[in-house]
2 protein chains.
Amino acid sequence: MNWTTVQLRKGLTALIVLDALEAGAWYAYGLRRAVHDQTHGLFSFSEGALYPLLHALRTRRLVAVQRRKVHGRERLYYTLTPKGQQTLDECRREWAGLNRALAQVLRPAKRQP
Amino acid sequence: MNWTTVQLRKGLTALIVLDALEAGAWYAYGLRRAVHDQTHGLFSFSEGALYPLLHALRTRRLVAVQRRKVHGRERLYYTLTPKGQQTLDECRREWAGLNRALAQVLRPAKRQP
DNA sequence: GATCATACCTAAGTATCCGAGGTATGAACT
DNA sequence: AGTTCATACCTCGGATACTTAGGTATGATC
């Protein structure tokens, strides 16, 4: 993967995480695997990125945490707060707009021969 | 603009710059204004971001520089190198793929009432 | 001759991401 | 019983990027 594309992916993590949480509570470790599998490995953030991100979302009150014991093992489940839901909605709208703008700016990719 | 969206925009800068250079040579100051105007202010990177970026692209041999005097004033014009063109093509393909994957993961934005 | 727009640049501080570690538990196998 | 594996959490250091806020210099305008 080239340098420019690497930069591109950064920052999408937060959006994907918020989106995933909308469908229901998730714990970090499972969320990571789920996103990785669903996108066929296209999006796979490291733990070193995910855990600090979740903490950051928490301090911004976009997500809330809840302890649960599953199969005798502790898990920290994250859920969207109302503020998180609101932010997610904003994000999706902005993302759509951004995408439209980008599509206007960017010439289409040449088909691969 | 909310925090998550801010993160989103970061990293798109390089792609946009490379794309702009494909159409022809540009100098930093003019490029900045052009992108800002063309996207109606949606993408506006600061000079502190643009100049270091161009230098980084140059050390990676993705762009080449050329001095020109226009209206008696010095300008540094940047052009895509073959390697830069190749990288841009890759980027566009990856971006398209990324976008498809993201569209699958992300629920569509609710229409604004 | 003062001011504005142009045109380049850098430095300090903040933030993010990744890689590489660490800890601890339950399950499975030997 | 002991080892190994998968799960599940976490942190720290280094590299990189972006913003803010500056600095310098020239041509044009008033």
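The nearest pair of heavy atoms linking A:A20 to A:W26 is O-CD1, 3.6 Å. B:E47 and B:R32 get closest at one heavy-atom pair: CG-NE, 3.5 Å. Residues A:R61 and A:T81 share a closest heavy-atom pair of O-OG1, 2.7 Å. Among all heavy-atom pairs drawn from B:A28 and B:L50, the shortest one is O-CD2, 3.4 Å.
The distance between atom CG of B:L76 and atom P of C:dA7, rounded to the nearest whole Å, is 11 Å. Residue A:Y29 contributes atom OH, which lies 17 Å from atom P of C:dT25 at whole-angstrom precision. With rounding to whole Å, A:R75 atom CZ is found 17 Å from D:dC10 atom C1'. One atom, NE2 of B:H36, and another, P of C:dT6, lie 13 Å apart when rounded to the nearest Å. Between A:W26 atom CH2 and D:dC9 atom C1' the separation is 16 Å, expressed in whole Å. Computed from coordinates, the B:R32 CZ to C:dA7 P distance equals 12 Å when rounded to whole Å. Spacing between atom CG of B:L31 and atom C1' of C:dC9 amounts to 16 Å, rounded to whole angstrom units. Rounded to a whole Å, the NE2 atom of A:H55 is 14 Å from the P atom of C:dC17.
When each of B:G30 and A:S44 is assigned the nucleotide of DNA chain C with its nearest heavy atom, B:G30 is the one assigned upstream, toward the 5' end.
Near DNA chain C, meaning a heavy atom under 4.0 Å away, the residues from residues 45-54 of chain B are B:E47, B:G48, B:Y51.
Distances shown here put a side-chain N or O of B:W3 below 4.0 Å from the OP1 or OP2 atom of C:dT16. For D:dA17, the OP1/OP2 oxygens have no side-chain nitrogen or oxygen of B:T13 closer than 4.0 Å. For A:Y27 and D:dC9, the shortest distance from a side-chain N or O to OP1 or OP2 is not below 4.0 Å.
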Under 3.5 Å between N/O atoms: give me all the protein pairs with nucleotides 27-30 of chain D, atom names plus distance.
{"unit_1": "D:dG27", "atom_1": "OP1", "unit_2": "B:G72", "atom_2": "O", "d": "3.4"}
{"unit_1": "D:dG27", "atom_1": "O4'", "unit_2": "B:R73", "atom_2": "NH2", "d": "3.2"}

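Just one of B:T87, B:L53, B:L18 meets the side chain to side chain contact (heavy atoms under 4.5 Å, CB included) condition when paired with B:V63; it is B:L18. The one candidate from A:R68, A:K69, A:R67 that meets the side-chain hydrogen bond (donor to acceptor under 3.5 Å, both in side chains) condition with A:E74 is A:R67.
By the 4.5 Å heavy-atom criterion applied to side chains, B:W3 and A:L57 are counted as neighbours. Side-chain contact between A:R92 and A:D89 is present, with heavy atoms from C-beta onward closer than 4.5 Å.
Residue contacts for B:R33: at a heavy-atom cut-off of 4.0 Å it reaches the sugar-phosphate backbone alone, with no base atom in range. Residue contacts shown for B:A28 are limited to sugar-phosphate atoms, with no base heavy atom under 4.0 Å away.
Under the side-chain hydrogen bond (donor to acceptor under 3.5 Å, both in side chains) criterion, A:Y27 pairs with A:R75, sequence neighbours left out.
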